[in-house]
> 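Could you have a look at this structure, given as structure tokens, before my questions?
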Amino acid sequence: MSAAPTTTPASTRWRRLTPWQGPATRVDMALMGAILAVVALGLGLRPLTPFLLARHPVALEFLTGDLTAIGAAAAFARIGEAPLWLVVVAGATGMVKLDWLTWWTGRRWGGGIIRMFTASERALRCAARARELDPWIVRAAVVLAVLPGVPTAVLYAVAGWAGMRLATFLLLDLAGALLMTGLVAGLGYGLGQRAVDVVLIVDEYASVVSLTMITLAVVFPLIRRRIRRRA
């Protein structure tokens, strides 16, 4: 007689998608809510980016830490619209202001949050081995995590998982942000008026760009659903 097929309870399936082990505590829920709020804030600011880029680039770089905003703000600084030091400070602050949350997820959830950040088994193995590396290597990785193409969130979570102190992490994170901000701001400051002209063109078509971004954000998920249903 064949055994009856077993079904996985919904609660068990849900636990596989969460980074914590066992029942969630208030701290777990608050931390996850903060992470989701940061993601929602980033998505909500996207349609406003073309407007802020041309009119309030310093505010935009503080809100997002976006490299494009830093370059645009530096270009405006070249023509006297803002002090260069403010551009660098706002950009670096914008890049690091919420990174402590990612560090905290690594400290609290360990490999669980790494599995949420990436589905690559290779990345998971590398993250697990990173805990056994020389602390100086982990520190250097935190400084260089701001480089384009680097899985920044994974490295910050690994730093917390490896036991790096929060004060050390914040100092290294700020050092990397200042280096990157200084480099991008220097390029934007050197381009000056030419970069400003490009930004003003973006501002001229800001409404079209924003509506396009909103439309794509709505249409793409619908297309994916239809493709999955047909498959």
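Only a predicted model underlies this, so the values are computations on that prediction, with no experimental measurement involved.
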> Taking the side chain from W103 and the backbone from M164, do they hold a donor-acceptor pair closer than 3.5 Å?
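Pair found, side chain donor or acceptor close to backbone of M164.
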> Nearest 0.5 Å, please: how far is CG in D173 from OG1 in T102?
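So the gap between those two atoms works out to 9.0 Å.
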> With rounding to the nearest 0.5 Å, note down the distance linking CG in L67 to CE in M180.
6.0 Å
> If I compare all heavy atoms of A90 with all of V58, which pair ends up nearest, and what's the gap?
CB-CG1, 3.8 Å
> Closest heavy-atom contact between V143 and L172?
CG2-O, 3.7 Å
> Are M32 and M29 connected into the same hydrophobic cluster when the rule is that any two of I, L, V, M, F, W, Y join if their side-chain heavy atoms are below 4.5 Å apart?
yes
> Is any side-chain heavy atom of V142 closer than 4.5 Å to one of L155?
no
> From Y156 OH over to W100 CH2, what is the distance, rounded to the nearest 0.5 angstrom?
15.0 Å
> Can you name the closest pair of heavy atoms from E61 and L86 and give their distance?
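Minimum heavy-atom separation between E61 and L86: OE2-O, 4.3 Å.
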> Between R107 and W104, is NZ or CZ placed under 6.0 angstrom from the six-membered ring centre and within 45° of the ring axis?
no
> Tell me whether V87 shares a hydrophobic cluster with W85, the cluster being built from Ile, Leu, Val, Met, Phe, Trp, Tyr side chains joined at under 4.5 Å.
yes
> Find the distance between CZ (R55) and CZ (F76) and round it off to the nearest 0.5 Å.
11.0 Å
> Same cluster for W109 and L166 if Ile/Leu/Val/Met/Phe/Trp/Tyr side chains link at under 4.5 Å?
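W109 clusters together with L166.
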> Would you check if T105 and W161 make a side-chain contact, meaning some heavy-atom pair closer than 4.5 Å?
no
> Would you say L36 and L98 are hydrophobically clustered, going by side-chain heavy atoms of ILVMFWY under 4.5 Å?
yes
> Do you know which two heavy atoms are closest between G91 and T181, and how far apart they sit?
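Nearest heavy atoms, G91 then T181: C-OG1, 3.7 Å.
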> Is any side-chain heavy atom of M95 less than 4.5 Å from a side-chain heavy atom of I70?
yes
> For K97 and L63, which heavy atoms make the closest approach, and how far apart are they?
NZ-O, 2.7 Å
> Kindly give the heavy-atom pair with the smallest separation between A177 and V146, and that separation in Å.
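Closest approach of A177 to V146: N-CG1, 4.2 Å.
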> Does A145 offer a backbone N or O that forms a donor-acceptor pair with the side chain of T152 under 3.5 Å?
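Answer holds: yes.
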> Is there a donor in the side chain of D28 and an acceptor in the side chain of T25, or the other way round, less than 3.5 Å apart?
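The criterion, which ignores hydrogens and geometry beyond distance, is satisfied for T25 and D28.
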> So do L60 and D66 actually touch side chain to side chain, heavy atoms under 4.5 Å?
no
> Any chain of hydrophobic side-chain contacts (each under 4.5 Å) joining L171 to L144?
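Looking at the clustering, L144 is in a separate group from L171.
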> Taking the side chain as every heavy atom from C-beta outward, state whether V96 and D99 have any atom pair closer than 4.5 Å.
yes
> With rounding to the nearest 0.5 Å, note down the distance linking OG1 in T64 to CG in L45.
7.0 Å
